[in-house]
Amino acid sequence: SFDIGSSAIKAVLVDTQCRSHHPCSRDYAPSDDAPGQQDPQLWWDAFCQLIQEWSAQGVDLQSLAALTFSGQMQDMIALDAHGEVVRPAVLYMDARAGEQAAHIATQIGQANIDRITRNPFNAGSVLPKILHLKDHEPAHFAQTKQVLLGAKDFIIFRLTGSAVCDHTTAATTGMYDFDHGRWTHAWMTDLQLDTIRLPALHAAGELVGQVHGAA
């Protein structure tokens with residue numbers, strides 16, 4: 001089981017009797033020149049290092065029945081048509097999109113947003129972050145064909161090729177219909193963001209893919 005945070009990744013092996021083994025962690029340095037942003041490659045490198053550490057400790061990697069993940073949410077991770085990262089991830093604590101959040105609240109209606117999402121909506125929400133990308137980084141926006149919304153989802157994507165998100169993470173993004181358990185695709189269209197795919201939604205306990213050969 002892996003937890004991908006903003007400063008470190010932590011991991012532990014859990015056996016069939018729910019006993020924990022081989023706890024370990026890897027830190028990654030924050031970005032001093034761009035606070036609120038992080039290179040997703042840091043998460044992947046740290047993940048691979050932990051797997052290698054387990055192997056060095058004698059863990060039979062073929063004995064692992066499943067990999068499970070948790071981690072930071074409300075990130076905007078922009079990917080191009082080949083699944084490569086377009087720019088550093090914009091993290092949950094980044095508040096650059098205040099102007100875009102206000103614009104969306106005016107265009108869609110704050111009461112409507114509150115009723116549909118049932119969650120706080122502000123500059124930290126992912127929907128304004130995507131609009132900020134469109135407004136201020138048009139070249140990066142044009143490259144972006146898919147967004148992922150949490151650090152764990154990036155690791156899952158690199159492992160399986162599946163772009164996925166759980167409903168809890170989705171509910172924090174400002175573009176999730178809480179009652180119907182789906183994305184508010186109409187809002188993406190209204191804001192001219194519908195060239196970007198959102199990840200498939202899954203329950204937290206679902207199997208979402210198999211580790212592919214490249215990973």
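Computed from heavy atoms alone, side chains included, the values below leave out hydrogens, waters and symmetry copies. Remember, predicted model here, so these are calculated numbers, not experimental data.
Listed by chain and number, the residues in a side-chain hydrogen bond (donor to acceptor under 3.5 Å, both in side chains) with Q146 are R197 (sequence neighbours excluded).
Distance check: L133 CG to H140 NE2 gives 8.0 Å after rounding to the nearest 0.5 Å. Atom CD1 of I116 is separated from atom CE of M175 by 15.0 Å, given to the nearest 0.5 angstrom. For the atom pair L131 CG and I104 CD1, the distance stands at 5.0 Å (nearest 0.5 Å). Atom SG in C24 sits 6.5 Å away from atom CD in Q57 (nearest 0.5 Å). Note that NE2 of H132 and CD of E99 are 8.0 Å apart. Values are rounded to the nearest 0.5 Å. Atom CG of L201 sits about 5.0 Å away from atom NE2 of H167, to the nearest 0.5 Å.
The closest side-chain heavy-atom distance from R26 to E53 is below 4.5 Å.
Exactly one of D166, V126, T172 qualifies for a side-chain contact (heavy atoms from CB on, under 4.5 Å) with L149. That residue is V126. Shown are I4, V85, D75, L159; of these, the side-chain contact (heavy atoms from CB on, under 4.5 Å) with F154 is made only by V85.
Between F2 and W54, the ring center distance clears the sub-6.0 Å criterion.
Linking ILVMFWY side-chain heavy atoms closer than 4.5 Å, directly or via other members, places L207 and I156 in two distinct hydrophobic clusters. Hydrophobic clustering, with ILVMFWY side chains joined whenever heavy atoms are under 4.5 angstrom apart, groups L13 together with V211. In this structure, M73 is not a member of the same hydrophobic cluster as V164, with clusters built from ILVMFWY side-chain heavy atoms closer than 4.5 Å. Under the 4.5 Å side-chain heavy-atom criterion for ILVMFWY residues, a single connected hydrophobic cluster contains both V208 and I77. Criterion: ILVMFWY side-chain heavy atoms under 4.5 Å apart, direct or through other members. Under it, F47 and L42 are part of a common hydrophobic cluster.
Although no hydrogens or angles enter the test, the distance criterion places a donor-acceptor pair under 3.5 Å between the side chain of T160 and the main chain of S162. Checking side-chain atoms of W183 against main-chain N and O of P199 turns up a donor-acceptor pair under 3.5 Å. No side-chain donor-acceptor contact under 3.5 Å links Q72 to the backbone of Y92. Here the side chain of T117 pairs no donor or acceptor atom with the backbone of Y176 at under 3.5 angstrom. Judged by distance alone, with hydrogens and angles left aside, the side-chain atoms of Q74 form a donor-acceptor pair with the main-chain N or O of G124 at under 3.5 Å. Not a single donor-acceptor pair under 3.5 Å links the side chain of D153 to the backbone N or O of L148.
For CD of Q49, the number of neighbouring non-hydrogen atoms (other residues, nucleotides, ligands) closer than 6.0 Å is greater than 12. Heavy atoms of other residues, nucleotides or ligands lying less than 6.0 angstrom from CD of Q192 number 12 at most.
Residues F121 and A105 come closest through the heavy atom pair CE2-N, 4.5 Å. Here the closest heavy-atom approach between residue L79 and residue G83 is recorded as CD2-O, 3.8 Å. Across all non-hydrogen atoms, the minimal contact from P40 to P88 is CD-CA, 4.5 Å. Between A78 and V147, the shortest heavy-atom contact is CA-CG1, 4.4 Å. Pairing each heavy atom of W44 with each of A215, the nearest pair is CH2-CB, 4.3 Å. Closest heavy-atom contact between T173 and T169: CG2-O, 3.4 Å.
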Q: List the steps and the verdict of side-chain contact (heavy atoms from CB on, under 4.5 Å) for M76 and I130.
A: CA-CA 7 Å; M76 187 200 70; I130 299 174; 3.8 Å; yes
Q.
side-chain contact (heavy atoms from CB on, under 4.5 Å) for L191 and L127? Distances and angles first, verdict last.
A. CA-CA 10 Å; L191 297 166; L127 183 57; 4.0 Å; yes
Q: Could you give me the CA-CA distance, side-chain angles and deciding distance for D39 and Y28, then say whether side-chain contact (heavy atoms from CB on, under 4.5 Å) is met?
A: CA-CA 10 Å; D39 182 357; Y28 23 81; over 6 Å; no
**Q.** side-chain contact (heavy atoms from CB on, under 4.5 Å) assessment of F141 paired with L193
**A.** CA-CA 9 Å; F141 179 80; L193 304 175; 3.8 Å; yes
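Counting only residues at least two apart or in different chains, salt bridge (Lys or Arg N to Asp or Glu O under 4.0 Å) contacts with residues 114-131 comprise R118-D179.
With no hydrogens or angles considered, a side-chain donor-acceptor pair links Q100 and D135 at under 3.5 Å. Side-chain atoms of Q143 and R87 include no donor-acceptor pair closer than 3.5 Å.
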